[in-house]
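Residue numbers begin at 1 in each chain, while the letters A, B, ... track the order of the sequences. All values reported here derive from a predicted model rather than from experimental measurement. Reckoned from all heavy atoms, side chains included, excluding hydrogens, waters and symmetry mates.
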Protein chains: 8
Amino acid sequence: MTWNIYLSGEIHTDWREQIKQGCSERALDVSFSSAVTDHEASDAAGDVLGPEQDNFWRDHKSAKVNAIRTSTLIGRCDIAIVRFGDKYKQWNAAFDAGQCAALGKPYITLHDEALIHPLKEVDAAALAWASDVEQVVSILAYITSQQ
Amino acid sequence: MTWNIYLSGEIHTDWREQIKQGCSERALDVSFSSAVTDHEASDAAGDVLGPEQDNFWRDHKSAKVNAIRTSTLIGRCDIAIVRFGDKYKQWNAAFDAGQCAALGKPYITLHDEALIHPLKEVDAAALAWASDVEQVVSILAYITSQQ
Amino acid sequence: MTWNIYLSGEIHTDWREQIKQGCSERALDVSFSSAVTDHEASDAAGDVLGPEQDNFWRDHKSAKVNAIRTSTLIGRCDIAIVRFGDKYKQWNAAFDAGQCAALGKPYITLHDEALIHPLKEVDAAALAWASDVEQVVSILAYITSQQ
Amino acid sequence: MTWNIYLSGEIHTDWREQIKQGCSERALDVSFSSAVTDHEASDAAGDVLGPEQDNFWRDHKSAKVNAIRTSTLIGRCDIAIVRFGDKYKQWNAAFDAGQCAALGKPYITLHDEALIHPLKEVDAAALAWASDVEQVVSILAYITSQQ
Amino acid sequence: MTWNIYLSGEIHTDWREQIKQGCSERALDVSFSSAVTDHEASDAAGDVLGPEQDNFWRDHKSAKVNAIRTSTLIGRCDIAIVRFGDKYKQWNAAFDAGQCAALGKPYITLHDEALIHPLKEVDAAALAWASDVEQVVSILAYITSQQ
Amino acid sequence: MTWNIYLSGEIHTDWREQIKQGCSERALDVSFSSAVTDHEASDAAGDVLGPEQDNFWRDHKSAKVNAIRTSTLIGRCDIAIVRFGDKYKQWNAAFDAGQCAALGKPYITLHDEALIHPLKEVDAAALAWASDVEQVVSILAYITSQQ
Amino acid sequence: MTWNIYLSGEIHTDWREQIKQGCSERALDVSFSSAVTDHEASDAAGDVLGPEQDNFWRDHKSAKVNAIRTSTLIGRCDIAIVRFGDKYKQWNAAFDAGQCAALGKPYITLHDEALIHPLKEVDAAALAWASDVEQVVSILAYITSQQ
Amino acid sequence: MTWNIYLSGEIHTDWREQIKQGCSERALDVSFSSAVTDHEASDAAGDVLGPEQDNFWRDHKSAKVNAIRTSTLIGRCDIAIVRFGDKYKQWNAAFDAGQCAALGKPYITLHDEALIHPLKEVDAAALAWASDVEQVVSILAYITSQQ
């Protein structure tokens, strides 16, 4: 059985690649999905539908096009990993976590100790908090391959 | 028919009181609920269950006690107002919005224009974006009392 | 027990008033709700949130504000009456009927014989087709007060 | 991962074929489904169950047989494309959109600018509005293959 | 707290009245609902919508009008009592029981010992089988008033 | 795409085999499932769990073991065919139909004209009534292979 | 707003009365429900339906009659308190907790420190673990009356 | 069609292996899943996330990591077998059974006659009670391969 893992959140470091590589090295039976992580492409996702003068509507159209993808992939995943970085607000990561919580999808948060207090509500509904990528890979290895 | 309005998010200004007052002045048939907004009380919500040495677990216990209240009230509300302020990360507000989205609860975001870009995913699933309290009250008046 | 009746669709004739009056004359234990039926107010529902230059976005904002109301009222109703008139496309009425069908809410269509063919999919998921208001009132009387 | 796309609505032009061809040229990992689009066959879907003298019941039987197919395919799809043409009322397209909205299925509308106002409720619950087939194909390409 | 009891099935004896009377004598906090039990009125429920030449469609229209009532009342009940008599097929009673089973509504069957074998699937999903009205009343008394 | 068809009801004639053969001759992309149709084996399904002196409990145990199978297969099917014969009460068939109705599974009834009146509630929630096997096969052919 | 509290588990001490009294002293807006806690009455709940020779079936009938009550009350509650005592296995308490977890009902466990290890799965899905009644009352006071 | 069987409960005897072997000997089309059954590994499941001084939190972290696995596998299974042994409290087995009951997943309990009374609530919601492994295998053979 293949486990579908959705990787949500911060897009400025290569944490997704590290998780994929770590799982690959352990030959775990997992597949990965995520939002479009090319920042410019993501911001421009709705541009093909026509130009907008108002930034709100340009963002709105792109965010909705992206939601077609993310809501489908979140709906299909078995486990989500939700990553919060030091910079930026990453409200979309917390938003994804809220969806997972309401849908009963188990998720693991990945963030530094410095973010414990502001993330306490998000962590309270998570099934694990990891502070580095290796922990995430170890948990995935345990869940998917331990007898 | 009474409309139940859940007020989520920022707790450092009196926006909740302003909305309540505005609705009261218009005699709208609405009731309000929210998380505990006394910051210290909220952070200490789990302390009665015993002391913790580790901050993570103190926060964790309190966040879960608060979740008993918030998940029930979100589940009962008809409309949520989700407020993002200039300061602080307010990931719990985005988390509440994600729950509303997954539960099919209509919500209205309330934030300044400066936050349009980082909130685009949260706004994309909202049914309205308001930039001041008076707009929120006007929308509630329209929804609940227009014929 | 009060039965909640949602009245969806055409807003250019007084069919809603006729149904309310007919039910009142028979002293039925029913309450009624509907979208805002003041056409101009409905089209302007989102204007309080700020002006738009593009008609698509003005309509979009207003339609979403209206959806806060309609999705809540459809979710609370026991029975919907969906009215299609001779003029206009009334896609919103068919849209409401589709929501009712997916939510398992029983609905009754109200339209002339001339519309049978184009409405066949909408009628197929309805629990009754009425061709005049008196029929609707009679059905409501039967459902809510017959022993 | 294959994405299942349901193509709903207007059957008098070859827009379905154009979308299929466009996706094929880009080698997208998508599959397509739709209602029976042979107009005469669709109207006669229930005739095998016995003749009817009354047009209402002939339409009713056929619409229900068609609903066995369409409700199953809508239930299985990841994304629906809902097309409204200039002619005809296409209430079934709006009905399908309403079902998608209630089921939480993301859908994209496809229609000319002239239809913006009458379709505002249907567009308000859509995740994108496209005005030509090439836009739809571009969005599908982005959603299903962008990294 | 009032318990809503739906009384489904056989309409040729006064078992509903006996249950109501028994609960009244014990002053139980229960309310009752059921399909229309006037056989002729029930068969004619759809006649107001226009005459039919074909018996299938006359029955069909009436059964659907009755379903508006029964599906709503079953959806609102806490407990259903499903009665099977010696005569008639009472497939509608078994149909109601199937709906209750799928919806997770607890139900009690009420039938003679002679019907044990043909009703085994219906009894298997029930939470009790009663063979007389007094047993039903006793069970309701226990459930609703025992401390 | 393979369509899963659940065949419910009467077990004394070979209607299941006729449908399978008819679909095979037309090379339809369908698979079939059903309850155990060997009457003796079905009645004895629970005997391996130990003997019972009381017929009610023997039937009860067997009906529950059979329910493990039938509830799973009904939950997985796309379409159910529910067959009522002239003899026997077949309350389990009506029970299956009720489950399908509550779960939103489309079903087709298969019965003679003589049963129209007692089956009107079951037919009212069905998407088609067929009076012979050939009609069922034709409908399945249309639904699963028409373009 | 009244909060409905379901009190599940151990019936050999007066913890339910203590919680009720504590909430009453604080004038909390709560109502309470629970399974029948009279042990003999509970074990005999099904006896009115006829005697059984086999203990399994006597227990089975009574447990199902009790389930009519408990499943309804759990379904209606906002919060469950699940109490595990030192003696007895109290599998029904863990069973209730599992139902709450799957239904998304928040629950609080109430047990001594000695039971931490065997209850770790039940505690992991709880929103709080209390070790005495006063803690439960304090949490309820905070949740239901703090501003 | 492959049937997914979840094996829940007692981990001190080789009942899982016996069921797998029995099904293998009969060449049943079944697959099996379960929690991690290596007791030490299971208790240490969360240790990789960092050490805890307090036993409650060590257990808590491990139980939640295990819940990622078990909730996913229970959600995917067709049938659960829930085993209670003579020793230990096995509240997690009763907790799993409660989840199955609330999710509508059929389950079979496996325990000795001595446990009938304390397990009556868990058995009441089960579809079968087996007292030895051979019975379980026989039931699985009947359900998955009988025609």
Side-chain angles (χ1 to χ4, degrees), chain G residues 8-9 35 39 42-43 45-46 54-68 70-71 74-75 80 82 84-105 107 109 111 113-126 129 131, chain H residues 8-9 35 39 42-43 45-46 54-68 70-71 74-75 80 82 84-105 107 109 111 113-126 129 131:
Chain G
S8 168
H39 198 159
S42 174
D43 281 0
D54 188 333
N55 275 343
F56 181 83
W57 295 119
R58 188 199 177 214
D59 277 349
H60 198 69
K61 286 199 328 194
S62 291
K64 282 189 164 172
V65 168
N66 284 317
I68 298 175
T70 57
S71 67
I74 288 174
V82 188
F84 294 87
D86 304 341
K87 301 178 196 161
Y88 308 103
K89 306 225 168 187
Q90 293 151 329
W91 281 318
N92 58 324
F95 183 74
D96 285 354
Q99 287 186 285
C100 288
L103 296 170
K105 296 272 176 190
Y107 67 91
T109 58
H111 61 81
E113 205 167 339
L115 299 182
I116 284 176
H117 193 64
L119 278 170
K120 63 184 186 297
E121 287 86 3
V122 178
D123 282 343
W129 160 49
S131 53
Chain H
S8 168
H39 198 158
S42 174
D43 280 359
D54 188 333
N55 275 342
F56 181 83
W57 295 120
R58 187 199 178 215
D59 277 350
H60 198 70
K61 285 198 331 194
S62 291
K64 282 191 165 172
V65 168
N66 284 318
I68 298 175
T70 57
S71 68
I74 289 174
V82 188
F84 294 86
D86 304 341
K87 302 179 195 161
Y88 308 103
K89 305 226 168 185
Q90 292 152 330
W91 280 318
N92 58 323
F95 183 73
D96 286 353
Q99 288 185 284
C100 289
L103 297 170
K105 296 272 176 191
Y107 67 89
T109 59
H111 61 80
E113 205 166 339
L115 299 181
I116 284 176
H117 193 64
L119 279 170
K120 64 183 185 298
E121 288 87 2
V122 178
D123 282 344
W129 160 49
S131 52

For the atom pair NE2 (G:H60) and CD1 (H:I116), what is the distance rounded to the nearest 0.5 Å? 11.0 Å

Just by distance, do the side chain of G:W91 and the backbone of H:K89 share a donor-acceptor pair under 3.5 Å? yes

Pick from H:N55, H:V122, H:L119 with the largest number of heavy-atom pairs that fall under 4.5 Å of chain G: H:L119

Nearest 0.5 Å please: distance from the NZ atom of H:K120 over to the CG atom of G:D59. 6.0 Å

Contact between H:D43 and G:H117 at the side-chain level, heavy atoms closer than 4.5 Å - yes or no? yes

Considering only heavy atoms, which portion of G:Q90 lies under 4.5 Å from any heavy atom of chain H: side chain, backbone, both, or neither? both

For G:A101, is it the side chain, the backbone, both or neither that has a heavy atom under 4.5 Å from a heavy atom of chain H? side chain

Comparing H:A124, H:A93, H:A125 against chain G, the one with the most heavy-atom pairs below 4.5 Å turns out to be H:A124

Quick one: which of G:G75, G:P118, G:A67 has the most heavy-atom pairs under 4.5 Å with chain H, could you say? G:P118

Tell me which of these, G:A94, G:A102, G:S71, G:A97, has more heavy-atom pairs under 4.5 Å with chain H than the rest. G:A94

Going from CD on G:Q99 to CZ on H:F95, what distance comes out if it is rounded to the nearest 0.5 angstrom? 11.0 Å

